Amino acid sequence: MSEFDQDAIAAAARALEAGKLVAFPTETVYGLGADAENPAAVAAIYAAKGRPQDHPVIVHLAPEAELAHWACEIPQEAHALAGAFWPGPLTMILKRAPGIPDAVSGGQDTVGLRCPSHPVAIALLRAFKGGQGGVAAPSANKFGHVSPTLAQHVRDEFGADGSVALVLDGGASQVGIESTIVDLSRLATHGPVLLRPGHVSAEAIAAVIDRMPSAPDVAAPRASGTLESHYAPHTPVAMQDTATLVRTLEQMAAAGRKVALIHYSDLWNAHASERLPATPEGFAHALYAALRAMDGQGADVILVEAPPQEGAWLGVNDRLRRAAHGSTGIVHGLLNRDAGV
């Protein structure tokens with residue numbers, strides 16, 4: 001769908017205003033949107049995704065939206081970060097303004113806000129309530145599964161159940177992993193806190209506000225996509241360094257196991273595999289589509305060549321760690337299953 005398809009944009013805005021769910025593209029992943037000020041509509045997101053009620057969603061705003069309508073006690077750092085990174089893949093956690101339903105924040109006194117940069121998303125947000133509405137939108141997939149980066153991914157998730165009124169097609173998401181989330185709701189006591197890494201790095205945030213975000217503490221607000229197990233395909237995922245992966249592939253072949261492989265080096269050609277770019281931006285852009293493709297191979301396991309541990313790869317490594325959570329021992333189990341070990 002072109003960004004200039006105004007009929008589709010207008011239809012989607014009307015659907016949102018009627019309390020229906022609309023899937024739309026952002027530069028990170030596709031979102032499943034509802035009117036953020038309509039608790040029944042937000043509840044429909046939770047029902048469609050199978051999402052826990054206490055797991056907050058992010059409210060998406062048009063560039064011209066009034067931040068003070070959604071948040072209170074807004075620090076200067078929030079305005080500085082919005083000026084530097086909005087529209088773009090940065091979500092800020094702020095104190096929720098009076099009158100904003102707690103459905104979007106999982107019952108907390110905070111709210112996650114961001115302004116996406118995808119032209120279709122911006123057009124939709126400007127058309128919805130004259131650009132002053134907010135669209136609550138987690139990723140457009142069943143809860144805990146791999147986020148969608150194509151409109152077809154959304155249709156694969158929800159096409160059969162009728163829960164989504166309209167899917168706007170904006171092509172492949174450019175960034176490919178979810179937004180960075182920084183908590184600014186407790187600056188006086190905790191400073192900025194990086195709740196979820198992403199395309200906007202902690203160093204980039206620090207360059208704007210002169211304060212390096214710290215790691216999450218036990219009292220940090222709950223935020224979208226931060227559970228230990230998340231972004232996971234149905235097939236178990238195991239991540240290994242390159243040298244270990246070479247040995248594992250040989251052992252899996254000898255044991256007759258079917259392996260799907262995601263890698264960035266040029267060591268493999270014979271396996272069912274997806275080779276991703278060897279840059280953090282390129283790898284992130286292609287990762288979720290590769291996980292979905294490999295999930296359809298009927299493999300016993302999806303093996304992933306572990307990316308570098310450098311700071312620029314933090315967001316990618318975070319998503320892969322969560323996708324592989326709970327699969328500890330899967331490789332050992334597959335290699336020793338028939339031996340009764």
Side-chain angles (χ1 to χ4, degrees), residues 9 12-63 65-67 69-72 86-87 89-116 118 120-144 147-148 154 157-158 163-168 178-179 181 185 195-196 221-227:
I9 295 294
R14 289 193 300 270
L16 289 172
E17 291 167 4
K20 298 178 181 179
L21 303 186
V22 171
F24 64 99
T26 79
E27 75 281 11
T28 58
V29 300
Y30 275 67
L32 183 61
D35 181 352
E37 295 182 274
N38 181 339
V42 175
I45 293 177
Y46 283 84
K49 285 177 63 71
R51 187 183 184 92
Q53 293 294 320
D54 64 350
H55 201 59
V57 294
I58 294 169
V59 178
H60 294 65
L61 306 177
E66 183 58 54
L67 192 60
H69 176 76
W70 298 93
C72 60
W86 282 10
L90 178 70
T91 294
M92 295 186 289
I93 305 296
L94 299 168
K95 289 293 185 182
R96 180 162 51 93
I100 300 304
D102 63 6
V104 296
S105 60
Q108 301 175 112
D109 64 352
T110 54
V111 62
L113 302 171
R114 95 171 181 99
C115 174
H118 195 292
V120 173
I122 290 177
L124 174 61
L125 290 163
R126 283 175 167 161
F128 177 58
K129 294 186 177 180
Q132 292 303 312
V135 176
S139 56
N141 54 275
K142 299 295 185 179
F143 183 71
S147 299
V154 182
E157 293 272 347
F158 298 106
S163 59
V164 180
L166 185 64
V167 178
L168 295 178
E178 298 77 6
S179 61
I181 301 179
S185 68
L195 300 183
R196 182 175 71 185
R222 297 185 304 278
S224 184
T226 55
L227 298 179

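In this chain, numbering begins with 1 at the start of the sequence shown. None of the values given here were measured: they were computed from a predicted structure.
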Mind listing the closest non-hydrogen atom pair of [X] and [Y] along with its distance?
X      : Y      : answer
Ser139 : Val29  : CB-CG2, 4.0 Å
Ala121 : Pro25  : CB-O, 3.2 Å
Lys129 : Glu37  : NZ-OE1, 4.1 Å
Ile45  : Leu21  : CG1-CD2, 3.6 Å
His69  : Ile100 : O-CD1, 3.5 Å
Ser224 : Ile181 : O-CD1, 3.5 Å

query = Is there a donor in the side chain of Glu178 and an acceptor in the side chain of Ser147, or the other way round, less than 3.5 Å apart?
reply = yes
Side chain [X], main chain [Y], donor-acceptor under 3.5 Å:
X      : Y      : value
Lys20  : Ala41  : no
Arg51  : Ala43  : no
Thr26  : Thr28  : yes
Tyr30  : Asn141 : no
Arg222 : Pro56  : no

Can you list the steps and then say if Trp70 with Leu94 is a side-chain contact (heavy atoms from CB on, under 4.5 Å)?
CA-CA 9 Å; Trp70 298 93; Leu94 299 168; over 6 Å; no
If you round to the nearest 0.5 Å, how far is [atom2] of [Y] from [atom1] of [X]?
X      : Y      : atom1 : atom2 : value
Leu32  : Lys49  : CG    : NZ    : 6.5 Å
Asp54  : Ser105 : CG    : OG    : 11.0 Å
Ser185 : Ile93  : OG    : CD1   : 7.5 Å
Leu61  : Trp86  : CG    : CH2   : 5.5 Å
Leu124 : His118 : CG    : NE2   : 11.5 Å
Phe24  : Leu125 : CZ    : CG    : 6.0 Å

**Prompt:** Is the shortest heavy-atom distance from the side chain of Pro101 to the side chain of Val42 under 4.5 Å?
**Reply:** no
Between Leu113 and the options Leu90, Val104, Leu67, the side chain to side chain contact (heavy atoms under 4.5 Å, CB included) test singles out Leu67
Applying salt bridge (charged side-chain N to carboxylate O under 4.0 Å, His left out) to Asp109 and not counting sequence neighbours gives Lys95
NZ/NE/NH1/NH2 to OD/OE distance under 4.0 Å, Arg114 and Glu27 | yes
Residues 130-138 side chain polar contacts: donor-acceptor under 3.5 Å, at least two apart:
unit_1, atom_1, unit_2, atom_2, d
Gln132, OE1, Glu66, N, 3.2
Gln132, NE2, Glu64, O, 3.2

Residues passing the side-chain contact (heavy atoms from CB on, under 4.5 Å) test with Pro63, sequence neighbours excluded, are Pro87, Cys115, Ile122, Arg126
